[in-house]
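Encoded as structure tokens, the structure appears first; notes follow it.
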Amino acid sequence: AVGVIQAILAGPNKASPTPPGMPMPPQQNVSNLTIAQYLNDDDEIFLGVLSDEIYLPTLLNQPNRNFTVLAVPTALLSAVGKFIMPIWAQHTQDMMGQHVVPDRILLTTNIQNGTTANTFSGGTLVFTTGPVGVNGGSRFVEPMNIVLRNGVVHTIDGILEPDWLRKSIYDVLVKTNETRGGDLSLFLSMLEASRNQVAFLDALKQKDRDDLNPKTLFCPTNTAFTQLLSNATLTRVTTEGVPFQSLFQVLLDNHLVLTNFVRDVELVELASTNQELTLTSTAEFPLHVVIGPVITINDEATIVQEDILSEFGVLQIIDHLLVPPGMDVSAL
């Protein structure tokens, strides 16, 4: 059985040029099936598996569209097995979306090295000729050129790895701070200054690939800190660190939850008439989340940059501190 989570399929339908052909086997026409039907019928190759029917590939079952899918042999998925679990659905979406192109690409006779195509996940596939493959690593293997009612399926011998694979939440936080022009530097500075005093940093830096429990970090911007905390307090915690078992540690712990919170998955799992839920932080306080055009938390914070993935969870950038009930920030 095969499935692609529904969120992949709701991605942008970016136009991409059909590349010149490759020296490949002739077309194998199975035109009475859609791509989704073909992948579900094949026990050897597939795009990705999730047990919950809510993630079935509805888009790849639409007959009047054109797609190209680079499927992978079943055995290869053991390397990323945890992402098959529903709790990792957004990660599966992003990874498997790299294997879907919203255009029909046949591998025929006159490939040009370096031809590109855009994917549903916003990535770029680069086709190569020596050997015939994609992105400098994965090669095309049998079966290929399976022409179906709504596109074509090829098989490759490797998973197209996303940038976030093998990256801790902390690694992604550092990179995001760079791309945002240092907008998260206060949070990073206080974490680094606290490295021997609180376990919070260890949780963000962990890279145990056998850990099946994702984490979500709600990371405040610099402005989120400066609008509530004094310069003296910020100077102290960014140079001396956050004291062990202090109120400030409780404040930090209130920004971490032990689950994957992402917009796409939550919207799929919640009824359309009820887009609210409550998370529990590692400080053991409730975080009331309202999901709409923007996502708000505790009626104060707004997520200003959503769903930044790490192999070990997700980063959400917020514009206001998540202050626990009853905490006096002037006493920090």
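Note on Y170 and L258: separate hydrophobic clusters, where clusters join Ile, Leu, Val, Met, Phe, Trp and Tyr whose side-chain heavy atoms are under 4.5 Å apart, directly or indirectly. Note: the hydrophobic cluster containing L234 also contains L191 (ILVMFWY, side chain heavy atoms under 4.5 Å, direct or indirect links). When the side chains of ILVMFWY residues are joined at heavy-atom separations under 4.5 Å, either directly or via intervening members, L277 and I303 end up in a single hydrophobic cluster. Transitive grouping of hydrophobic side chains (ILVMFWY, heavy atoms separated by less than 4.5 Å) keeps L204 and F244 in distinct clusters. Both V174 and F187 belong to a common hydrophobic cluster when Ile, Leu, Val, Met, Phe, Trp and Tyr are linked at side-chain heavy-atom distances under 4.5 angstrom.
Without hydrogens or angle criteria, S310 side chain to V172 main chain gives no donor-acceptor distance under 3.5 Å. A distance-only check finds a donor-acceptor pair linking the side chain of H99 to the backbone of L160 [under 3.5 Å]. At distances below 3.5 Å, not a single donor-acceptor pair connects side-chain atoms of T155 with backbone N or O atoms of A71. In this structure, the side chain of Q62 does not engage the main chain of N64 through any donor-acceptor pair within 3.5 Å. With hydrogens and angles ignored, the 3.5 Å screen pairs no side-chain donor or acceptor of S121 with any backbone N or O of G123. For D328 (side chain) and S330 (main-chain N/O), a donor-acceptor pair under 3.5 Å exists by modelled atom type. Within the 3.5 Å criterion, the main-chain N or O of L322 finds a donor-acceptor partner in the side chain of H255. Remark: the backbone N or O of A283 is paired with a side-chain donor or acceptor of S281 at under 3.5 angstrom. The backbone N or O of D103 sits nowhere less than 3.5 Å from a side-chain atom of N66 that would complete a donor-acceptor pair. Listed for the D171 side chain is a donor-acceptor partner under 3.5 Å among the backbone atoms of S168.
Residues Q37 and R149 have side chains that never bring a donor and an acceptor to within less than 3.5 angstrom of each other. Remark: the D94 side chain and the W164 side chain contain an N/O donor-acceptor pair separated by less than 3.5 Å. Side-chain atoms of Q316 and D307 form a donor-acceptor pair, as typed in the model, at a separation below 3.5 Å. Using a 3.5 Å distance cut-off with no hydrogens or angles, the side chains of S185 and N222 do pair a donor with an acceptor. A donor and an acceptor atom, one from each side chain of S230 and T233, are located under 3.5 Å apart.
The shortest distance between side-chain heavy atoms of F285 and L287 does not fall below 4.5 Å. Two residues are said to be in side-chain contact when any heavy atoms from C-beta on lie closer than 4.5 Å; H91 and N260 meet this criterion. Within the 4.5 Å cutoff, side-chain heavy atoms of F127 are placed close to those of F140. Side-chain atoms of V289 and L279, non-hydrogen and from C-beta on, do get closer than 4.5 Å to each other. For the pair M327/V250, a side-chain contact is recorded, criterion being any heavy-atom separation below 4.5 Å from C-beta on. Counting only heavy atoms from C-beta outward, the side chains of D163 and L165 never approach each other to under 4.5 Å. Under the 4.5 Å side-chain criterion, counting only non-hydrogen atoms from C-beta, I297 is not in contact with H288. At a threshold of 4.5 Å between non-hydrogen side-chain atoms, the residues N145 and V153 do not count as touching.
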ask   = Does the side-chain contact (heavy atoms from CB on, under 4.5 Å) test come out yes or no for K167 and E311, once each step is laid out?
value = CA-CA 6 Å; K167 300 291 193 305; E311 178 169 338; 5.7 Å; no

query = Where do V134 and L70 land on the side-chain contact (heavy atoms from CB on, under 4.5 Å) test, with the steps shown first?
reply = CA-CA 10 Å; V134 64; L70 305 185; 4.3 Å; yes

task = Decide side-chain contact (heavy atoms from CB on, under 4.5 Å) for L332 and L229; before the verdict, give the C-alpha distance in whole Å, the side-chain angles of both, and the deciding distance to 0.1 Å.
result = CA-CA 8 Å; L332 294 176; L229 303 180; 3.8 Å; yes

message = Set out, in order, the CA-CA distance, both residues' side-chain angles and the distance that settles salt bridge (Lys or Arg N to Asp or Glu O under 4.0 Å) for K205 and E192, then state yes or no.
response = CA-CA 11 Å; K205 286 191 171 183; E192 283 300 321; 3.4 Å; yes

inquiry  = Could you go through T302 and I318, starting from their C-alpha distance and side-chain angles, then the distance that decides it, and tell me whether this counts as side-chain contact (heavy atoms from CB on, under 4.5 Å)?
reply    = CA-CA 5 Å; T302 297; I318 57 175; over 6 Å; no

task = Kindly determine whether E161 and R166 satisfy salt bridge (Lys or Arg N to Asp or Glu O under 4.0 Å), including the steps that lead there.
result = CA-CA 10 Å; E161 295 188 355; R166 301 181 182 84; 2.7 Å; yes

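No more than 12 heavy atoms of other residues, nucleotides or ligands shown are found within 6.0 angstrom of CG on D299. No more than 12 heavy atoms of other residues, nucleotides or ligands lie within 6.0 Å of CG in N231, so this atom counts as exposed by the packing criterion.
If you take CG on N135 and OG1 on T119, they are separated by 9.0 Å, rounding to the nearest 0.5 Å. In this structure, F218 CZ and N298 CG are separated by 9.5 Å, a value rounded to the nearest 0.5 Å. Summarising the geometry, atom OG1 belonging to T223 is positioned 6.0 Å from atom CG belonging to D183; distances are rounded to the nearest 0.5 Å. Residue F312 holds its CZ atom at 5.5 Å from CD of Q206, rounded to the nearest 0.5 Å. Atom CG of N254 sits about 12.0 Å away from atom CD of Q249, to the nearest 0.5 Å. Annotation: the span from M190 atom CE to F248 atom CZ amounts to 4.5 Å, rounded to 0.5 Å.
Contact between D157 and S138 at its shortest, heavy atoms only, is OD1-CA, 3.4 Å. T259 and T216 get closest at one heavy-atom pair: O-OG1, 2.6 Å. When all heavy atoms are compared, the tightest approach of Y38 to L33 is CA-CD1, 4.1 Å. Nearest heavy atoms, T239 versus T235: OG1-O, 2.6 Å. Closest of all the heavy-atom pairs between T278 and P286 is CG2-CB, 3.8 Å. Annotation for G313 and P214: closest pair CA-CB, 4.3 Å, computed over non-hydrogen atoms.
Partner of T34 under the side chain to side chain contact (heavy atoms under 4.5 Å, CB included) criterion, out of L60, L148, N150, L39: N150 alone.
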